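To keep things clear, I will list the structure first and then write my remarks on it.
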Amino acid sequence: MSEKLSCFKAYDIRGKVPSELDEDIAYRVGRAVADQTNAKTCVVGMDIRHSSPAISTALSNGLREGGVDVIDIGLCGTEMVYFATANYGYDAGIMVTASHNPGEYNGMKIVKSESRPISGDSGLWEIERKTRERDFSRTGSGTLTKKDVYDDFVAHVLSVVDPKLIGPMEVLASAGNGCAGIAVEAMESKLPLKITPMNFEPDGDFPSGVPNPILERSRAPIITRLRAGNFHYGVAWDGDYDRCFFFDEKSEFIEGYYIVGLLAQDMLMHHPGSKIVHDPRLIWNTLDICERLGGTPVMCKTGHAFFKEKMREVDAVYGGEMSAHHYFKHNWFCDSGMLPFLMVSRLLTKTGKPLSALVGEMMEKFPCSGELNTHVPEAKVAIERVRAAFPGGKEDWTDGLSVEFDNWRFNVRHSNTEPIMRLNVESRGDKALVVEKSNAILDVLNA
């Protein structure tokens, strides 16, 4: 049996073009998805990468030759594929994107009806097998229809967060030359915010750098611009804007962990007693919020497909990953980069407090390292070295290795999308301990 295609990951498809993903593979993915989902209709959208039009066309051709009618919504963000699939009642949806990866990458995120995700746990590996073995059964002659969904998408977003509850504010918004600028411009006239655009022009060359604000080098120009202005806060998105990042009025970047806490608080105030889904990397602040506000925390392994599956399973009102993915029941349990942007604006209006004050208490109570990444040749061996070096704690293997002690804890895991190890450390109010333990674990990982 031939080896699995390297572009298939645990919860999506992603690889370098053309060495790992090309038009032939995209065509075969279309045929395989037609077989696996038995869909009659499928939404296809794409991001701004130079390879996206060709990949999208080949994918659509495969779907159509598998008997699927394709609804092409063109240049968009991933959440618009989720929206269109669920809102219009289509049978499947595929977004052509590599999210925050460099420009030479591309990929696909696949959902079935109601925008239910397809991951390694729910059919993605069978799609990989069919793609690899060219094992297709369905044939047909599906149609291709182009559809503009921006007006309906904006109406949906503003039905979840009423713009009347948002006060006038100065906001710096960076789209990173991805697709977010198109969506913000589509809704800007309906918002009371004064938005200063930054890198709104879609450009697959990424002239301002890879659109991944979790990286310090990507954040630096945004911080410089914030310091030169007088903004209530800053917001930035990755290339397909399914992740949303925030900067406070002092130009300080806010770790996604604390935005999860902020949105969990907001959702529990509006929906008391609800379930909140969180990932295993950093947890104490979220557990504390749920305990104080009467929510029920539910842990889930990292990854957008896994989160959406868990959200539906437990009927959670909100789910948040510290990587800046935020999921909402009222968005078909899918992640959104636009809803957190508006929810934070609404929360600032409601409380009258600056963003630094809203997150400051959480940061003092549960300081964290932020995600520390390091290249390690043998992930399993490295994790066992860490496990042996820090004995005596409570272990959890939901995703990688989490070990909890009385006043600090850590999680170390191998990335599902990149060849690196990711480390997160947090403590109960002791910043120095976080630094000490982070350095000690990194030394063991790199030994």
Side-chain angles (χ1 to χ4, degrees), residues 1-39 42 44 46-47 49-52 54-63 65-66 68 92 94-112 117-139 301-306 309 373-385 397-401 412-422 445:
M1 181 181 292
S2 59
E3 293 184 3
K4 286 184 177 180
L5 294 169
S6 62
C7 60
F8 277 77
K9 310 300 182 183
Y11 42 79
D12 59 23
I13 298 169
R14 200 172 304 188
K16 285 186 177 180
V17 177
S19 60
E20 297 173 322
L21 175 63
D22 59 15
E23 292 171 50
D24 176 58
I25 291 176
Y27 165 82
R28 286 186 276 146
V29 168
R31 293 294 303 272
V33 168
D35 272 11
Q36 183 68 16
T37 63
N38 202 32
C42 181
V44 173
M46 66 177 182
D47 70 9
R49 294 164 192 275
H50 294 310
S51 62
S52 289
I55 295 291
S56 178
T57 297
L59 169 69
S60 296
N61 288 341
L63 286 163
E65 290 184 26
V68 180
I94 305 176
M95 177 67 182
V96 175
T97 181
S99 186
H100 59 277
N101 286 72
E104 65 268 25
Y105 284 78
N106 217 321
M108 302 174 208
K109 295 176 180 177
I110 308 171
V111 294
K112 49 192 174 183
I118 298 177
S119 72
D121 289 353
S122 55
L124 190 58
W125 294 125
E126 180 62 12
I127 291 173
E128 186 277 336
R129 184 195 66 77
K130 286 177 174 290
T131 300
R132 173 168 39 88
E133 298 179 3
R134 301 176 186 267
D135 177 21
F136 314 126
S137 57
R138 283 184 61 180
T139 58
K301 62 183 175 180
T302 305
H304 67 88
F306 301 136
E309 289 165 354
N373 297 320
T374 184
H375 288 262
V376 176
E378 298 181 72
K380 291 182 180 179
V381 174
I383 287 179
E384 284 302 324
R385 283 202 306 270
W397 291 89
T398 299
D399 194 356
L401 171 64
V412 60
R413 57 182 287 273
H414 188 259
S415 169
N416 283 313
T417 57
E418 300 172 85
I420 56 179
M421 297 293 293
R422 303 192 190 278
L445 282 172

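All values reported here derive from a predicted model rather than from experimental measurement.
Not a single donor-acceptor pair under 3.5 Å links the side chain of R28 to the backbone N or O of E133.
Contact between A10 and F306 at its shortest, heavy atoms only, is O-CZ, 3.9 Å. Of all heavy-atom pairs spanning T131 and A32, the tightest one is OG1-CB, 3.5 Å. The heavy-atom pair separating A382 from V376 by the smallest distance is CB-CG1, 3.4 Å. Contact record, D12 with H304: OD2-NE2, 3.6 Å, taken as the closest heavy-atom pair. Between V17 and Y105, the closest heavy-atom pair is CG2-C, 4.3 Å. Here the shortest heavy-atom pairing between I25 and E20 reads CD1-O, 3.5 Å.
Atoms CD and CD, on E378 and E384 in that order, are 12.5 Å from each other to the nearest 0.5 Å. Note: I127 CD1 to I110 CD1 = 4.5 Å, rounded to the nearest 0.5 Å. The line from CE of M421 to OG of S415 is 10.0 Å long, rounded to the nearest 0.5 Å. Distance check, rounded to the nearest 0.5 Å: NE2 of H414 to CD1 of I420 gives 8.0 Å. Separation of atoms CD (Q36) and CD (E126) is listed at 5.5 Å; rounding is to 0.5 Å. With rounding to the nearest 0.5 Å, the separation of CD1 in I94 from CD1 in I13 is 7.5 Å.
Under the salt bridge (Lys or Arg N to Asp or Glu O under 4.0 Å) criterion, E128 pairs with R132, sequence neighbours left out. For the salt bridge (Lys or Arg N to Asp or Glu O under 4.0 Å) test, residues two or more places apart in sequence or in another chain that qualify with K130 are D35. V68 is linked by a side-chain contact (heavy atoms from CB on, under 4.5 Å) to A34, C42, L63, R138, counting only residues two or more places apart in sequence or in another chain. Contacts of D135 classified as salt bridge (Lys or Arg N to Asp or Glu O under 4.0 Å), with partners at least two apart in sequence or in another chain: R129. Remark: A54 engages E23 in a side-chain contact (heavy atoms from CB on, under 4.5 Å) (not counting sequence neighbours). In this structure, the side-chain contact (heavy atoms from CB on, under 4.5 Å) partners of S56, at least two apart in sequence or on a different chain, are V44, M46, S60, V96. Scanning for salt bridge (Lys or Arg N to Asp or Glu O under 4.0 Å) contacts around R31 gives an empty result, with sequence neighbours left out. Partners of W125 according to the side chain to side chain donor-acceptor pair (under 3.5 Å) rule, which considers only residues two or more places apart in sequence or in another chain, do not exist here. With sequence neighbours left out, E65 forms a side chain to side chain donor-acceptor pair (under 3.5 Å) with Y27. Under the side chain to side chain donor-acceptor pair (under 3.5 Å) criterion, D121 pairs with K301, not counting sequence neighbours. Taking the side chain to side chain donor-acceptor pair (under 3.5 Å) definition, one finds that S51 meets it with N106, sequence neighbours left out.
The side-chain heavy atoms of R49 and I55, taken from C-beta on, include no pair separated by under 4.5 Å. Looking at P117 and Y11, their side chains never come closer than 4.5 Å, going by heavy atoms from C-beta outward.
Contacts classified as salt bridge (Lys or Arg N to Asp or Glu O under 4.0 Å) and involving residues 94-108 (residues at least two apart or in different chains) are not found.
Between R422 and D399, no side-chain nitrogen of the basic residue sits less than 4.0 Å from a carboxylate oxygen of the acidic one, so the salt-bridge criterion is not met.
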### I118 and T37: CA distance, side-chain angles, deciding distance, side chain to side chain contact (heavy atoms under 4.5 Å, CB included) verdict
CA-CA 10 Å; I118 298 177; T37 63; 3.8 Å; yes

